[in-house]
Amino acid sequence: MERVNFQAIEKKWQKKFESSKLYNKKGEKFYCLEMFPYPSGKIHMGHVRNYTIGDVIARFKYMKGFNVLHPMGWDSFGLPAENAARLNNLNPKKWTEQNIDIMKKQLQMLGLSIDWDLEVSTCDVEYYKHQQEMFIDFYNSGLVSRKETYVNWDPIEKTVLANEQVINGRGWRSNAVVERKKLSQWFLNITKYSTELLDDLEKLPGWPQKVKLMQKNWIGESIGCELEFKIKDENKNIKIFTTRPDTIFGASFIAVSVDHEICKKFLNDKNFIKFKQKCSKIGTTEEALANAEKIGLNTNIFVEHPFIKNKTLPIYVANFVLMDYGNGAIFGCPAHDQRDFDFAKKYNLPIIRVVSDDKNSTKNGELKEAYTGNGKMINSDFLNGLDIVKAKNTIIEKIVSQKIGKKQTLFRLKDWGVSRQRYWGCPIPMIYLEDGSIVPVDKSELPIMLPEDVDLKSSGNPLNNHPSWKNTVHKKTGKPAIRETDTLDTFVDSSWYFIRFCSPKSKTPYNINDTNYWMPVDQYIGGIEHAILHLLYSRFFMKAMKQCDKNIISSEPFKNLFTQGMVCHETYKDLDGNWLYPDEVEKINEKKAINKLKKTDVKVGPSESMSKSKKNTIDPETMIKQYGADSVRWFILSDSPPEKDIQWSDTGVYAASKFLQKIWNLTNIIISKKKLNGDISKEKIFKNKIDLYCFKIDKTIENFHLNVAVAQFYEAYRFLNEAINNDIGNKILVEGFTKILKLMIPFTPHLANECLVKLECKDVNIWPKIETKVLENLKINFAVQVNGKTRDIIEMNKDMNESEVVKITKKSSKVSKYILDKKISKIIFIKNKIINYII
RNA sequence: GCCCUCGUGGUGAAAUUGGUAGACACAAAGGACUUAAAAUCCUUGCCCUUUUGGGAGUGCCAGUUCGAGUCUGGCCGAGGGCACCA
């Protein structure tokens with residue numbers, strides 16, 4: 001038995017794949033894209049999974065005749081380069097380029113069908129100069145603004161983070177507790193598109209529900225109204241926002257944020273200062289927020305109730321009211337809002353019920369918690385008897401007609417702060433003039449290039465520290481000016497790379513014809529961790545670009561989205577509590593493991609997603625060298641559905657390589673077989689069965705059930721292997737096997753191609769014709785039930801009618817022993833599926 | 001606290017969407033071949049029965065149905081998202 005030489009075969013085919021072109025000029029376009037990697041040094045198993053799934057889809061579509069765009073690039077700006085550079089005294093650019101070289105070679109070792117002629121790298125000036133131009137376009141279209149705001153300051157990375165980059169009060173990368181700091185920042189006005197970003201989710205049936213829901217919650221639309229209360233004895237009003245104007249007659253207090261305008265007069269008040277301190281002490285940790293007590297401070301200022309004469313409400317300063325949402329003020333209706341309820345209980349404020357549930361329609365019973373359900377209005381003057389929806393409409397009309405408020409929709413979504421005080425990013429093309437104005441640089445002066453002679457060891461912003469870089473001249477006036485020394489958030493870089501891929505050599509950011517031809521991406525594949533950040537920003541960019549250029553057709557970048565699961569591995573800890581790499585550990589059995597060197601016991605921990613910090617990583621290159629790229633690909637596609645997490649298992653890859661060896665053996669056996677003629681009726685059955693496998697595999701790939709496709713290949717192999725010894729002529733055998741091997745090309749491109757060459761296949765890259773008619777002449781395994789219990793399974797021809805089926809099934813001894821001598825009261829017959837005798 | 005998703009053998013999982021539960025694979029045990037090992041192949045997998053066979057069974061409890069892993073209601077458990085958003 002000849003051992004398959006994976007290394008030799010793969011090397012040979014990778015030369016041919018080096019810059020794969022999957023173009024069928026006459027075919028329908030198909031843009032297949034996987035999220036591009038950050039060049040951190042080496043690829044990891046997550047990349048292997050992501051890009052293998054993408055490669056299956058790209059090759060599959062190509063073989064089916066589509067004109068496929070399958071590019072790859074590098075998300076190459078970002079902090080790690082800067083840190084690594086600082087540690088090893090290297091230039092970030094060099095460090096990044098070295099990593100790209102290594103990772104590109106590794107990706108090529110996987111046999112991916114990537115058109116490397118399209119490669120882009122975001123840290124390349126040829127890329128970011130276009131981004132600068134787009135930034136200026138956005139600026140001129142009113143999509144960029146500068147605001148002084150409290151920002152999330154990451155004290156470790158010494159930079160600003162977007163809200164989306166703060167997870168449980170900590171930096172998404174550094175895990176440092178985020179601080180609040182006031183800074184002047186550049187913002188992309190993503191909130192201008194809140195409504196579109198929300199509504200257009202409905203235009204994306206090809207996205208996972210889960211991701212759409214996460215984005216919906218993130219945008220957080222709430223529909224309500226703004227309402228003004230007159231402050232008693234003063235000629236001033238206070239504006240609040242509410243989604244429950246219908247409960248206005250249940251209002252018993254007004255609550256404002258500590259940063260509210262009305263608090264200014266208390267800035268020197270001892271009680272207020274004390275209160276404010278108390279509020280700020282409640283930290284940003286998850287725990288603190290969950291248990292945060294509602295506290296307030298009575299201002300002794302009152303407002304007039306707009307609809308109840310002579311009724312006044314007290315104004316409280318409350319810790320649970322946020323300044324940056326709505327107007328930083330609310331009215332409290334304790335009976336119908338849990339927070340207001342808690343607050344009212346604590347400060348002995350009245351709890352007036354204005355919505356009754358149906359059970360105790362008009363009773364004014366004591367409430368144990370706020371009632372937030374539906375019901376009819378009570379205690380509400382002209383609203384009484386209306387349901388909530390009608391009451392809302394009525395009261396809003398009244399508010400509008402009295403000119404004390406208006407309909408209003410608020411969003412949780414905030415504008416996207418893009419300024420970063422870092423070196424290794426795209427310079428923001430703005431300059432500060434002597435007169436204090438801030439203007440974009442003239443487009444003719446682009447690109448604003450990063451300086452290479454930069455000191456990264458001192459603290460603070462490296463571009464600002466540079467002796468001369470920031471000094472420039474305003475082109476129009478010839479006067480000296482200072483460059484913006486902040487760089488753009490790297491999420492900006494990745495918000496349009498998919499458009500650049502359509503025309504990567506274009507002198508302008510994009511070529512309109514190419515963009516309109518290829519966009520949107522037909523299949524986007526990546527991790528669920530980008531459900532909000534990257535995917536929301538990219539959607540915004542597409543819309544913003546369209547606003548700047550009416551010729552752009554697409555308003556959504558990604559037609560179909562697939563989020564693949566993570567690659568997991570068991571974790572190991574030494575007795576001292578130190579993490580161990582899998583290859584430092586020898587497994588004795590399921591639960592027991594020892595340290596290979598020290599022979600001491602090792603604690604086996606749960607399987608978790610591979611990460612360097614837990615050392616539960618497996619190096620893809622090592623695996624490829626040991627088992628071959630096809631085996632690694634085959635394993636990572638088998639067993640688990642692509643959207644779920646997968647457990648890495650050494651025995652699993654080994655099993656994969658054994659199976660591929662069997663495919664190789666089968667190829668050799670079939671070649672050596674001399675038998676020319678076989679039994680015609682057996683051959684007919686054989687052909688049908690092969691066509692059925694093709695049909696099923698084709699369908700499972702289309703539906704992304706790649707693990708099921710793999711299972712079907714195993715079955716198909718078993719069937720073929722048995723067929724060798726049956727009376728099947730060699731021509732038919734080769735024909736059948738060829739079809740199956742072609743279907744395998746997307747999964748194991750090297751081996752499948754090699755075997756097809758050996759079988760002298762001429763049309764390797766053409767997908768076998770999928771015969772839907774095989775389903776028509778299928779034999780049916782008919783289930784025969786008695787009282788709903790399956791008693792026998794009988795093979796029958798398709799489309800038999802009831803009386804025929806009854807005739808056949810009654811003959812079965814397994815069935816007849818249950819129905820003999822019994823009266824059949826009913827027969828349930830489902831064509832081609834089941835017959836059920838009821839006795 | 002609110003919202004979402006998911007619970008199927010020792011393990012990863014299939015199941016034509018209401019019609020044969022456990023395909024396919026990993027691990028385990030037993031066996032075949034071999035002087036032996038590796039490789040390869042076969043068998044088994046809960047309960048009762050020597051076998052033929054029969055029974056239970058998809059987190060738990062109920063319901064709809066001739067028939068439920070799939071539908072409905074309630075409970076339990078796991079994972080994820082949001083964080084006082086008025």
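To find a chain, count down the sequence lines: A is the first, B the second, and so on, and within it residues start at 1. Quick note: numbers below take in every heavy atom, side chains included, and nothing from hydrogens, waters or symmetry partners.
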Can you tell me if [X] touches the phosphate of [N], counting only side-chain N or O atoms and a distance under 4.0 Å to OP1 or OP2?
X: Lys658(A); N: C26(B); answer: no
X: Arg412(A); N: A83(B); answer: yes
X: Arg3(A); N: U40(B); answer: no

Subject >> Closest to the Trp218(A) side chain, choosing from C82(B), G54(B), C26(B) >> reply: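 The nucleotide sitting nearest to the side chain is C82(B).
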Subject >> Among A25(B), U20(B), C24(B), the one nearest Ala655(A) by side-chain distance >> reply: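 My answer, after comparing the listed nucleotides, is A25(B).
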Under 3.5 Å: donor-acceptor pair, side chain of [X], backbone of [Y]:
X: Asn703(A); Y: Lys699(A); value: yes
X: Gln215(A); Y: Lys212(A); value: no
X: Asn616(A); Y: Ser611(A); value: yes
X: Thr299(A); Y: Ile315(A); value: yes
X: Asp691(A); Y: Glu771(A); value: no
X: Gln661(A); Y: Val4(A); value: yes

**OP:** Based on the glycosidic angle (syn within 90° of 0, else anti), state the conformation of G57(B).
**Re:**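 Anti conformation here, the glycosidic angle of G57(B) being more than 90° from 0.
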Original post:
Does U40(B) sit syn or anti, given that only angles within 90° of 0 count as syn?
Top reply: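 Base orientation relative to the sugar is anti.
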Original post:
More 5' along RNA chain B: Phe320(A) or Thr651(A), using each one's nearest nucleotide?
Top reply: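 Nearest nucleotide further toward 5': that of Thr651(A).
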Whom does [N] pair with, Watson-Crick or G-U wobble, provided both distances fall under 3.5 Å?
N: G1(B); answer: C82(B)
N: C6(B); answer: G77(B)
N: A23(B); answer: none
N: A39(B); answer: none

Check: [Y] and [X] side chains under 4.5 Å, non-hydrogen atoms:
X: Met214(A); Y: Asn217(A); value: no
X: Ile399(A); Y: Lys406(A); value: no
X: Glu802(A); Y: Val805(A); value: no

Subject >> Rounded P spacing from C2(B) to A13(B) in Å >> reply: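 Here C2(B) and A13(B) have their P atoms 30 Å from each other.
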Anything under 3.5 Å between a protein N or O and an N or O of nucleotides 65-74 of chain B, put it in a table, one pair a line.
{"unit_1": "C66(B)", "atom_1": "O2", "unit_2": "Asn836(A)", "atom_2": "ND2", "d": "2.5"}

Original post:
How are the rings of Tyr316(A) and Phe343(A) set to each other: parallel, tilted or perpendicular (split at 30° and 60°)?
Top reply: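 Ring orientation, 0 to 90° scale: perpendicular.
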Original post:
Between Tyr714(A) and Phe659(A), how do the two ring planes meet: parallel, tilted or perpendicular, split at 30° and 60°?
Top reply: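 Tilted: the ring planes of Tyr714(A) and Phe659(A) meet at 30° to 60°.
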Using a cutoff of under 3.5 Å, can you pull out all pairs of nitrogen or oxygen atoms linking the protein to nucleotides 9-17 of chain B, with atom names and distances?
{"unit_1": "G12(B)", "atom_1": "O2'", "unit_2": "Ser640(A)", "atom_2": "OG", "d": "2.7"}
{"unit_1": "G12(B)", "atom_1": "N2", "unit_2": "Asp639(A)", "atom_2": "OD1", "d": "3.1"}
{"unit_1": "A13(B)", "atom_1": "OP1", "unit_2": "Lys644(A)", "atom_2": "NZ", "d": "3.3"}
{"unit_1": "A13(B)", "atom_1": "O2'", "unit_2": "Asp639(A)", "atom_2": "O", "d": "3.4"}
{"unit_1": "A14(B)", "atom_1": "OP1", "unit_2": "Asn707(A)", "atom_2": "ND2", "d": "3.3"}

**OP:** Determine, for Lys276(A) against Asp259(A), whether the closest basic-nitrogen to carboxylate-oxygen distance falls under 4.0 angstrom.
**Re:**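 Answer for the salt bridge query: yes.
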Set out, line by line, the N/O atom pairs under 3.5 Å between protein and nucleotides 41-48 of chain B.
{"unit_1": "C41(B)", "atom_1": "OP1", "unit_2": "Lys662(A)", "atom_2": "NZ", "d": "3.2"}

